[in-house]
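Model, not experiment: these values are computed from the prediction. Numbers restart at 1 for each chain; the letters A, B, ... are given by sequence-line order, proteins then strands.
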Amino acid sequence: MYERYNPQAIESKWQKSWLESKMYFVEPEADKPKFYTLVMFPYPSGDLHMGHMRNYAIGDLVARYRTMQGYNVMNPMGWDAFGLPAENAAIKDGIHPAIRTLDNIERMKGQFYKMGIVYDWDREVASCLPDYYRWTQWIFLLMYERGLAYRKKAAVNWCPNDKTVLANEQVVDGHCERCGAEVIKKDLVQWFFRITEYADRLVDDLDMLEGWPERVRTMQRNWIGRSTGAEIDFPVVGNREDDPVGAHGRAPLPTSPTIRVYTTRPDTIFGATFMVLAPEHPVVEVITTPEQREAVQQYVQQARKETEIERLSSDKEKTGVFTGAYAVNPMTNAAIPIWIADYVLVTYGTGAIMAVPGSDERDYEFAVKYNLPIVNVIAPDDGRWTMDDSNHRPSSIVHRPPTEGAPVPMYAGPGLMVNSGPLNGVPTTESKNAAIALIEAEGKGKATTNYRLRDWLISRQRYWGAPIPIVYCPTCGEVPVPTEQLPVVLPTDVEFRPGGESPLAHVESFVNTICPTCGGPARRETDTMDTFVDSSWYFLRFCDPHNDKAPFSRELADHWMPVDQYTGGVEHAILHLMYARFFTKVLADAGMVGAQEPFIKLFTQGMITKDGAKMSKSKGNVVPVDDMVEKYGADTGRLFVLFMGPPDEDAEWSDEGAAGMFRFLNRVWRLFEGNVTLSSPNGAGRDTADYSQSDRDLLRKVHVTIKRVTNDIERFHFNTSVSAIMEMTNAMQSYRDAHGPETEAYSEAATSLLLMLAPMAPHITEELWRRAGGTDVSRSAGSSEGVHQQPWPGFSPELAAAEIVTLVIQVNGKMRDKVDMPADVTQDEAIQTALGREKIRPYIEGKEARQVHYVPGRLVNIVV
RNA sequence: GCGCAAGUGGCGUAAUGGCAGCCGCGCUAGCCUUAGGAGCUAGUGCCCGUAAGGGCGUGGGGGUUCGAAUCCCCCCUUGCGCACCA
């Protein structure tokens, strides 16, 4: 009796062999092209489930597949090991984060091992170890030196639950991304990275990233939010000292302040009928009239109290208060009232806007509510308006104060400028540039660019992170720690208690130090860095992981970088991927690496859900890797996660489906029952003259499958790769039933099957390869060489070519009949055959065939 | 609200202008067996029909085309992203 498929016994044997032979350990090689494949390194949370397996199975497939294709593949792994969960757990149960983290790393390595995932473990890094964070600190100092790291007092996002500040990117809908607590604003002095200096390059270079999903590029583009427009100065006429109210028509006073606005539509300035300042705008206090002071102060206070969510909700009805002061519209010279309203944000642009209710929805809503004048400056160029030649505006649109009746409608679409002095009649496609030229010529403002992106706040009042290498000296001030004194080591004797400040602030031996400049007593910075800093350069460290003179050498970085294939979750589409791009550009500017972009191709895989939700311990819906391996083996699990559906989409877990995949591998196993031999992996040029029809049919199936599987792996369509292989095994089984396994054709099919399946199900294929290879005489397989050292199978177009094609016959586009024809049938033969078919005759009888369409080798369509 | 995806059997999906439903799950009937998480055979979109055969069918409506799941327009639903960024 043939031995049964026993995955557990097979798998551990080969796992051991791969690791001990260091099969996937790599050094630069001159005669092979390099391929750097990387899966986002994980936070060591401890246990892996099938969602993780999908991620790592894809990465492992890429590494093994490219190796078979002859690339010198680097496939490293490491640990994003700093972070809040370990510290929060320490507060709860007293286990030190370092101990827990290193423990979890060992556990997870064991699970990678059991999945048959192979890495170059010689390159392993953990961001929490001093020989890694030393260089994180080094890069911080590089940023500092280049003016890209700085400290400022700012209203920051504070999570009252995690007791730390958060980057803008970590605030989701006004809540902490991590714990969900409502984020509040606090004024604190914090460290920032000047990522805004790179905003333009971060946007522009997205165009280079053609190997990225368009969705991710769009998300980054939107996040950076570049907009072009103009800053324009509006002089204030009338304030509490010299002109309390009613400054209509008055010329600007020499002592009056000027308010600068930012607008993306400078062309609509002739329609600016009022101004709105953010409640926090510094000039508010100066310009408010005594009569309005109380109302204004009340409004400002209320706005401060409001949470970010309340304030930023666009469904909220707009509110505002008049300051009593007026400004002059520099183009119309009309005095316009100055209001404050919380729909204007102090953090964007200049914190002040010119309101154009005639062509801005928000301003329109505000104007209608507070009865402010509305002027249309754009007329739709749709032929429905008649132009009045005397004033260059459609006669049906007039400046109508709201007191005369219903407000004029808002219009922001394309058209012609009206009510706009020298801009009248200019089409909106040109009006923006024309307006900027006009405004600049008159010295009233200038073209500018604005970004939604803010500088990256990196200070965290937490323990489990890389200490910021700065010392505060009473005499020298803020002093960077000299690089030769790095690392600033994170002390281990720390008390974990729930509280406001960084635990480091209570460690006297850490805090008290001497000033590197003057040698006097000084204090260390006690904040640590955002863990996104650690993960912004790890892919560079993998190139040169043991370097103790520098973060990495230029030579090795230039050999391996950029990463050819990066794989990970779409949840990192903005944060990690943008920060990593920023770091790469800074390091490139510093001459440390040639690559301007870190990741050429990016693949974001979908989640695996169970009961409709992402697998998580708290929901109790996890399918642990360990269970899977124990039940069916790693190969079944790996193949099933690849087969479940398109890998970039979410997929719902199915126990029955996993069982089905186990049955498939059993079928594969049985295909090797008996005396199965292997053949040369490349069937091109094979002489098939003496092959039987079924031999040629089988070989055709094999070569069609090689083509499909190769193309589908290249496209990351692993689900269809697997299904193509399944079809081939079905064909092999039928062949075997009729002709047995001891033919050349079967031998080639069996060889190709193992080779194609090898990157997906590495253990069973290795086992079957060695077993079958032992009886092979035509090649060296079987002793020292395993399936993973073989070249990827070659595709032969001649062998894949069909001899017989099934021609579809349509009448008026409806399928009515099919007929088998030789593949080299001519158009005339095909059409004549089609017209003569018995089934077709009733449809064309008595009618005239007006047209006949012929698609070679596919169909004939008769139009009657 | 704006933007981007997606919508196909009982389920996961396949087909990117040319036979809709490959592959798998599930299910039905039968067979086999040192009774297993096994294996084999046949069937399985819906409706009419014993059958042969016919009709319908890819969220809804319209269009382009000899021919549309696929391309275009409108609408509906779901998911994701952004959300008062001037």
Side-chain angles (χ1 to χ4, degrees), chain A residues 1 4-5 173 213-216 218-223 225-227 229 261-266 268 272 276 278 311-316 318 341-345 347-356 359-363 365-366 450-454 570-571 573-574 606 631-632 640 643-646 648-664 666-667 670 708 717 719-730 733 737 806-818 839 849-864:
Chain A
M1 179 64 198
R4 287 186 52 206
Y5 171 45
D173 288 338
E214 190 49 49
R215 182 162 78 110
V216 173
T218 305
M219 281 164 75
Q220 292 214 355
R221 211 171 272 126
N222 291 344
W223 189 264
R226 177 163 68 187
S227 73
V261 304
Y262 172 72
T263 177
T264 55
R265 293 300 301 269
T268 63
V276 188
R311 183 155 167 192
L312 291 180
S313 143
S314 51
D315 348 309
K316 196 186 80 166
K318 291 188 177 26
D342 63 6
Y343 79 90
V344 175
L345 309 173
T347 48
Y348 186 78
T350 59
I353 62 159
M354 63 177 205
V356 185
S359 54
D360 182 282
E361 206 158 332
R362 297 153 300 182
D363 299 343
E365 190 193 320
F366 195 79
N450 250 296
Y451 306 89
R452 211 189 78 107
L453 182 71
R454 303 266 77 95
V570 74
E571 66 272 19
I574 297 174
K631 203 168 173 188
Y632 298 123
F640 183 56
F643 179 66
M644 285 177 81
D648 54 342
E649 287 172 27
D650 291 353
E652 172 72 13
W653 179 256
S654 150
D655 287 326
E656 293 77 21
M661 191 54 75
F662 182 63
R663 286 198 293 270
F664 169 71
N666 275 284
R667 285 198 289 276
R670 286 195 304 271
R708 282 179 61 188
H717 287 200
N719 53 329
T720 51
S721 297
V722 177
S723 97
I725 292 173
M726 284 174 167
E727 278 184 58
M728 189 176 104
T729 58
N730 291 345
Q733 185 62 56
D737 290 345
T806 302
L807 223 50
V808 172
I809 306 172
Q810 295 181 328
V811 178
N812 290 337
K814 270 196 190 304
M815 202 272 285
R816 294 301 180 185
D817 197 9
K818 298 179 198 183
K839 279 186 173 177
R850 273 194 297 162
Q851 261 181 310
V852 181
H853 289 263
Y854 177 63
V855 182
R858 306 195 76 155
L859 93 163
V860 176
N861 187 13
I862 304 159
V863 187
V864 296

Under a 3.5 Å cut-off for both distances, is B:rA42 Watson-Crick or wobble paired, and to whom?
B:rU28
So, A:N861 side chain and A:G813 main chain: donor-acceptor pair closer than 3.5 Å or not?
yes
Across all chains, not counting sequence neighbours, the ring pair (Phe, Tyr, Trp, His ring centres under 6.0 Å) partners of A:F640 are A:W653
Under 4.0 Å, heavy atoms only, any strand: does A:T347 hit a base, just the sugar-phosphate, or nothing?
nothing
How do A:F662 and A:Q851 order along RNA chain B: which one's closest nucleotide is nearer the 5' end?
A:F662
Without decimals, in angstroms, what is the distance between A:M815 CE and B:rA68 C1'?
16 Å
Report yes if the side chains of A:I353 and A:D363 come closer than 4.5 Å at any heavy-atom pair, otherwise no.
yes
Rounded interatomic separation in angstrom, taking CG from A:L345 and P from B:rC82:
16 Å
Write down the distance between CZ (A:R215) and C1' (B:rA6), rounded to a whole number of angstrom.
11 Å
Going by heavy atoms in the side chains, are A:H717 and A:R708 under 4.5 Å from each other?
no
Using Watson-Crick geometry (N1-N3 plus N6-O4 or O6-N4) or G-U wobble (N1-O2, O6-N3), each under 3.5 Å, B:rC80 is paired with B:rG3
Taking only side-chain N and O atoms of A:T218, does any of them lie within less than 4.0 angstrom of OP1 or OP2 on B:rG81?
no
Ignoring hydrogens and geometry, is there a side-chain-to-backbone donor-acceptor pair from A:R454 to A:T347 under 3.5 Å?
yes
Are A:Y343 and A:E365 close enough that some pair of their side-chain heavy atoms sits under 4.5 Å apart?
no
Classify the ring geometry of A:Y262 against A:Y348: parallel below 30°, tilted from 30° to 60°, perpendicular beyond 60°.
perpendicular
Need the pair for B:rA20. Rule: Watson-Crick or G-U wobble, both distances under 3.5 Å, any strand; none if unpaired.
none
Any strand counts, and the cut-off is 3.5 Å on both contacts for Watson-Crick or G-U wobble. Which nucleotide pairs with B:rG37?
none
Using a cutoff of under 3.5 Å, can you pull out all pairs of nitrogen or oxygen atoms linking the protein to nucleotides 52-54 of chain B, with atom names and distances?
none

Report, as yes or no, whether the 6.0 Å neighbourhood of atom CD on A:Q733 holds more than 12 heavy atoms from other residues, nucleotides or ligands.
yes
Which parts of nucleotides 21-26 of chain B does protein reach within less than 4.0 Å, heavy atoms only, written one letter per nucleotide 5' to 3' as B for base, S for sugar-phosphate only and - for none?
-BBSSS
Quick check for you: among B:rG39, B:rA86, B:rU13, whose closest atom lies nearest to any side-chain atom of A:R670?
B:rG39
Under 4.0 Å from OP1 or OP2 of B:rG37: is there any side-chain N or O of A:Y632 that close?
no
Minimum heavy-atom separation for A:M354 to A:P266, with atom names?
CE-CA, 4.4 Å
Testing B:rA86, B:rG18, B:rC66 for proximity to the side chain of A:R858, the answer is B:rG18
Give me syn or anti for B:rG9, where syn covers glycosidic angles within 90 degrees of 0.
syn
Can you tell me, in whole Å, how much space there is between the C1' of B:rG17 and that of B:rC82?
35 Å
Whole-Å distance, A:D650 CG to B:rA5 P, equals 17 Å
Using atom C1' of each nucleotide, how far apart are B:rG62 and B:rU13 to the nearest Å?
29 Å
Starting from C1' on B:rC84, measure out to OH on A:Y348 and report it in whole angstrom.
12 Å
Side-chain contact check for A:P646: nearest option of B:rG67, B:rU13, B:rA86 is B:rU13
Could you tell me how far apart A:M219 (CE) and B:rG3 (P) are, to the nearest whole angstrom?
17 Å
For the side chain of A:T720, counting heavy atoms from C-beta on, which of B:rA86, B:rA83, B:rA15 is nearest?
B:rA15
Please report, rounded to the nearest Å, how far the C1' atom of B:rC4 is from the CZ atom of A:R221.
12 Å
Can you say whether a donor on the side chain of A:N222 sits under 3.5 Å from an acceptor on the base of B:rC82, or the other way round?
no
Is the phosphate of B:rA14, meaning OP1 or OP2, less than 4.0 Å from a side-chain N or O of A:N719?
yes
Of the candidate nucleotides B:rA83, B:rU13, B:rG18, which contains the atom at the shortest distance from the side chain of A:E649?
B:rU13
What is the distance, to the nearest angstrom, from the CG atom on A:L859 to the P atom on B:rA20?
10 Å
For the side chain of A:K631, starting at C-beta, report the closest nucleotide among B:rG37, B:rC19, B:rA86.
B:rG37
Here the pair of heavy atoms bringing A:A651 nearest to A:M644 is CB-CE, 3.8 Å
Give a yes or no on whether a donor-acceptor pair under 3.5 Å exists between the nucleobase atoms of B:rG1, that is its base, and the side chain of A:E361.
no
